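Written below as structure tokens is the structure these notes are about.
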There are 2 protein chains.
Amino acid sequence: MLRRSFTYQLASIAEDAVGPAARLFESRFGLDVHELRVLRLVGDQPGVTFTTLSRQTKFERSATSRILSSLIKGGLVRREIDENDARHFRLYVTADGQALRERADPLSLELETLILSVLSLTEQAEFRRILDKLSGWLDREFMTELQARYPEMAGPAKKARS
Amino acid sequence: MLRRSFTYQLASIAEDAVGPAARLFESRFGLDVHELRVLRLVGDQPGVTFTTLSRQTKFERSATSRILSSLIKGGLVRREIDENDARHFRLYVTADGQALRERADPLSLELETLILSVLSLTEQAEFRRILDKLSGWLDREFMTELQARYPEMAGPAKKARS
DNA sequence: CTTATATAGTTTCAAAATGCAACTATCTTA
DNA sequence: TAAGATAGTTGCATTTTGAAACTATATAAG
């Protein structure tokens, strides 16, 4: 078999993994995976600020803002004006949001376990370790490195569309 | 640091990897990454049929059809009616398509090397091996397994949108 | 032979997502 | 008190989406 491009393979795995999950979360909790992603990021970083968050979501700022609005409207997230700088909002998950996460997380875990079940435990650990290493690099030095090597591509991340 | 959901991590890595690549291919070759994906899949499987292809692309059939049309219009792919069954088209990359691939592939390889450069050679090999194992499983048994466990979600893969 | 059904692939179209740019509001500096 | 800078939101034109309808060929049944 021909060796497929690594990026294609990654994107393809991500789609196979996220796609079914998306449908399940939608049908069980009426929750869009994008919303879930934001809910989790906020939950894991109480008091996180919008700009930080939107860098992590990998969505556009405007998209993140809209998702956030919908979470707030749904009572899953609340925001507080920063007392030192009223331009900032500090974001927190509400009790309802927390409750929802607590229902959603086991399903995530279940799916994750199923996906990884084809790997031995050693492989799973190794895979995780490698993914962590990769994410760290991609989040930090990689982007700088890219800009340096390919100055032709400025501007922020464009839709990858897998 | 909190352990992030594996699917989020994967999607996030894929986006970081594919996003920049998308912009580069666009600016250097005027080629959309989706088109490139299809071009490669056809190139690697001369005579492949539309339905097979669209399963591999992970796009909707209609999207695949549109991308294919654009490749054909651009003279990068050609199609022939199957002599045994006129409902099928057999797809082939043209000389122009091949030439384009030959210009694009080195860039892909370069990017891929850069992305993986944070890993040791052993890790790279291990990572690849694990990815292969995962893709195989996800393409085959996994989907069946999912349907069995979660009958509530029928229908074909929905946009994962990461 | 004629009708029914299945399969391959394309096209249409309304709804949703995208992303730039303009906008509001606050803060900082001078 | 005016001029930027920063945080976040919203408007809106464009693009993307995906389900459904459609065309065309093949196969099966009566």
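So you know, we letter chains A, B, ... as the sequences are listed, proteins then strands, and number each from 1. Computed from a predicted model, the values in this text were never measured in an experiment.
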Exercise for review: Would you indicate, yes or no, if D:dG8 has its OP1 or OP2 atom less than 4.0 angstrom from a side-chain nitrogen or oxygen of A:Thr51?
Suggested key: yes

Point to revise | Among C:dG9, D:dT25, D:dT9, the nucleotide that comes nearest once only the side chain of A:Phe50 is considered | key: D:dT9

Practice item. Grab the CD-P distance between A:Glu35 and C:dA16 for me, whole Å please. Key: 14 Å

Review point. Quick one: on DNA chain D, does A:His88 or A:Ala63 contact a more 5' nucleotide (nearest heavy atom)?
Key: A:His88

Review point. Any side-chain N or O of B:Thr49 under 4.0 Å from OP1/OP2 of C:dG9?
Key: yes

Exercise for review: Please report, rounded to the nearest Å, how far the C1' atom of C:dA17 is from the CG atom of A:Asp32.
Suggested key: 11 Å

Practice item. Send over the distance from A:Glu60 CD to D:dT10 P, rounded to a whole Å. Key: 16 Å

Practice item. Confirm from the modelled atom types if B:Arg61 and D:dG18 form a donor-acceptor pair under 3.5 Å, side chain to base only. Key: no

Practice item. For the residue pair B:Thr7 and A:Glu112, confirm or rule out a side-chain donor-acceptor distance under 3.5 Å. Key: no

Review point. Does a distance-only test, which skips hydrogens and angles, find a donor-acceptor pair under 3.5 Å between the side chain of B:Arg66 and the base of D:dG18?
Key: yes

Point to revise | Among C:dT7, D:dG11, D:dT6, the one nearest A:Ser62 by side-chain distance | key: D:dG11

Practice item. Round to a whole Å and report the spacing from CD1 of A:Ile67 to P of D:dT9. Key: 12 Å

Check your understanding: Just how far, in rounded Å, is C1' of C:dT10 from CZ of B:Phe59?
Key -> 17 Å

Review point. Taking OP1 and OP2 of D:dG8, is either one under 4.0 Å from a side-chain nitrogen or oxygen of A:Ser54?
Key: no

Check your understanding: Are A:Asp139 and A:Lys58 ion-paired here, with the side-chain N under 4.0 Å from a carboxylate O?
Key -> yes

Exercise for review: Mind checking the CZ-OG1 spacing from B:Arg87 to B:Thr51? Nearest 0.5 Å is all I need.
Suggested key: 10.0 Å

Exercise for review: Take the protein atom CD1 of A:Ile81 and the nucleotide atom C1' of C:dT26, then report the distance between them rounded to whole Å.
Suggested key: 10 Å

Review point. From the list C:dT10, C:dA8, C:dT26, which nucleotide is the closest neighbour of the side chain of B:Phe89?
Key: C:dT10

Practice item. Between A:Asp85 and B:Thr64, name the one whose nearest nucleotide on DNA chain C is closer to the 5' end. Key: B:Thr64

Point to revise | Whole-Å gap separating P (D:dT17) and CD (A:Glu26) | key: 17 Å

**Study point:** Atom pair distance, as rounded to whole Å: CG in B:Leu53 and P in C:dT10
**Key:** 10 Å

**Study point:** Under 3.5 Å side-chain donor-acceptor pair for A:Thr57 and A:Thr64
**Key:** yes

Practice item. Apply the test ring pair (Phe, Tyr, Trp, His ring centres under 6.0 Å) to residues A:His34 and A:Phe59: give CA-CA distance (whole Å), side-chain angles for both, the deciding distance (0.1 Å), then the verdict. Key: CA-CA 9 Å; A:His34 293 158; A:Phe59 317 139; 4.8 Å; yes

